[in-house]
Amino acid sequence: MAHDAPQATGPSKLVIRNIGLVLSGALEKPILDADTIVAENGKITAIGRFKDCNTEGATTTVDANGTTVAPGLIDSHVHPVAGDWTPRQNQVNWIDSYLHGGVTTMISAGEVHMPGRPRDVVGLKAMAIFAQRAFWTLRPGGVKVHAGAPVIECEMVEDDFKEMAAAGVKLLGEVGLGGVKDGPTARKMVGWARKYGIQSTIHTGGPSIPGSGLIDKDVVLEADTDVVGHINGGHTALPDDQIRCICEGCKRGLELVHNGNERSALFTLRTAREMGDLHRVILGTDAPAGSGVQPLGILRMVSMLSSLGELPAELAFCLATGNTARMRELDCGIIEIGRSADFVLMDKAQHSPGKNILESVQLGDLPGIGMTIIDGIVRTQRSRNTPPAGKVPEIIIGH
């Protein structure tokens, strides 16, 4: 079972050289003109051509061997419970498996699968604070798990949100998975959460677990959460006219998940593009869930939206990186100076008909992952889960 990942014990300097393609994660400029990235003490310090970058004194040098470097993928919707184990499918090492799918950051939408999950106010606050502390300390495989997302109940008052925020809680679990299912109550509590810096997500569509229920467009729009969770259903989606109404009726994040309705995901993507709101679209898996654990779920969403949604692959990767980072106020997800040095190194899969990684993704293939890096530290090399890549990077200096 994956436990605490190694952390840098002193000054560190990472140099990634001989990069074939740099995907920035930013919609406004998704491809960067660079073949070298430098990071010091876990933060990006230089992006450019090798001759123009200060690469002296590297503690780790990676020869990318012409592969693609992108920001580490972000899963905007997971349901962690305890370390790298989930009772939902009684599976261990699921977070480590996600890392082998290129995911370096996860956002909890509620620790709802905790056996005996408390519904009373004292208990749910205690569980949220515990989860936030535990996952930030644990970091399975180095993955950054932003957890501690309480499922709100009707008995809560404003001081409860103030108390949780003071203790470090920054997220709400999906509104609608607990006792709060009506628009007016949800809007009041979401307002309290926002007042104290806690970000909110709402369950959208039909019920997914016992105790949840239908959350339709009227409740979604009145609640006004920061993110419209799984707008393509989890699993059961709302009708197209309601999805369009949500897209047009608010300016909040539109989350598409792997464990939802694929047709509805493509409809939402088309609607957002028509509105000029592609920056609102973010990706998650909504796992672990009844349909299992999907280590390659984010890559599959990128490939599906690019190929069937006719979205250029370099933009599709932004939905899984920079869009989520900006929506979730994270310091990763975009390759730019000052941000966390979290990367995934990829290439087109062996024998893919695409001429390069972007074309292969647009044809519906998954890339092969050759390395993941978190905070400037190499965490994995050749993925055990993706197809083998045509080219793979190698460490030439360091460990």
Side-chain angles (χ1 to χ4, degrees), residues 14-26 29-39 44 46-51 53 55 58 60-74 98-104 142 295-296 298-300 302-303 306 312-318 320-322 332-336 340-399:
L14 168 73
V15 173
I16 308 175
R17 69 187 196 192
N18 195 20
I19 301 170
L21 176 69
V22 177
L23 299 178
S24 72
K29 191 177 181 181
I31 296 176
L32 301 180
D33 180 18
D35 63 9
T36 300
I37 298 174
V38 180
I44 300 170
I47 309 155
R49 293 293 164 185
F50 183 80
K51 62 183 178 60
C53 296
T55 60
T60 301
T61 298
V62 173
D63 182 351
N65 194 26
T67 58
T68 295
V69 177
L73 306 180
I74 305 170
Y98 269 58
L99 178 59
H100 279 263
V103 173
T104 58
L296 305 184
I298 297 298
L299 281 179
R300 286 174 57 83
V302 168
S303 178
S306 180
E314 63 268 27
L315 298 183
F317 275 105
C318 295
T321 55
C332 55
I334 300 175
I335 295 181
E336 67 179 10
S340 290
D342 299 349
F343 309 113
V344 55
L345 280 67
M346 311 173 286
D347 193 36
K348 72 168 188 172
Q350 292 177 14
H351 305 296
S352 169
K355 296 182 179 65
N356 53 51
I357 186 173
L358 298 181
E359 186 175 310
S360 71
V361 170
Q362 287 167 203
L363 289 173
D365 286 334
L366 300 183
I369 291 177
M371 184 176 289
T372 60
I373 296 171
I374 303 176
D375 291 331
I377 300 173
V378 175
R379 305 296 182 167
T380 64
Q381 296 192 55
R382 186 191 292 268
S383 171
R384 66 172 182 259
N385 290 330
T386 64
K391 295 175 290 188
V392 293
E394 60 177 331
I395 302 171
I396 57 176
I397 299 176
H399 302 284

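All residue numbers refer to positions in the sequence shown, counting from 1. Reckoned from all heavy atoms, side chains included, excluding hydrogens, waters and symmetry mates.
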Discussion item. If I take atom CD1 from residue I335 and atom CD1 from residue I47, how far apart are they, to the nearest 0.5 angstrom?
Written reply: 7.0 Å
Taking the side chain as every heavy atom from C-beta outward, state whether [X] and [Y] have any atom pair closer than 4.5 Å.
X	Y	answer
Q381	I395	yes
D342	P71	no
I31	V22	no

Minimum heavy-atom distance between [X] and [Y], given as atom pair plus value:
X	Y	answer
G102	T372	CA-CG2, 4.2 Å
I74	C332	CD1-SG, 4.0 Å
F343	T104	O-CG2, 4.4 Å
V38	C53	CG2-CB, 4.1 Å
L366	S303	CD2-CB, 3.9 Å

Worksheet item: Taking R379 for the side chain and I374 for the main chain, is one N or O donor matched with an acceptor at less than 3.5 Å?
Response: yes
Worksheet item: Quick one: does S340's side chain have a donor or acceptor within less than 3.5 Å of a partner on D375's backbone?
Response: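 Absent.
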Worksheet, complete the sentence: Residues at least two apart in sequence or cross-chain that pass side chain to side chain contact (heavy atoms under 4.5 Å, CB included) with T386, listed by chain then number, are L296, L299, I369, S383
Worksheet item: Can you name the residues that form a side chain to side chain contact (heavy atoms under 4.5 Å, CB included) with A313, not counting sequence neighbours?
Response: S306, L358, V361, Q362
Residue list, salt bridge (Lys or Arg N to Asp or Glu O under 4.0 Å) with [X], at least two apart or on another chain:
X	value
E336	R339
D35	R49
R384	D96
K51	none

Identify, with sequence neighbours excluded, every residue that meets side chain to side chain donor-acceptor pair (under 3.5 Å) alongside [X].
X	result
R300	H258
T36	none
S24	none
N18	D63

Discussion item. Using the ring-ring contact (aromatic ring centres under 6.0 Å, His included) criterion, which residues pair with Y98? Sequence neighbours excluded.
Written reply: W94
Going by atom type alone, with no hydrogens or angles, which donor-acceptor pairs under 3.5 Å involve a side-chain atom of residues 344-352 and a protein atom two or more places apart or on another chain?
from	atom 1	to	atom 2	distance (Å)
D347	OD2	K391	N	2.9
K348	NZ	G354	O	2.7
Q350	NE2	A389	O	3.2
S352	OG	G354	N	3.3
S352	OG	D365	OD2	2.8

Fill in: Intermediate values then yes/no, side chain to side chain contact (heavy atoms under 4.5 Å, CB included), T55 and R17
CA-CA 9 Å; T55 60; R17 69 187 196 192; over 6 Å; no
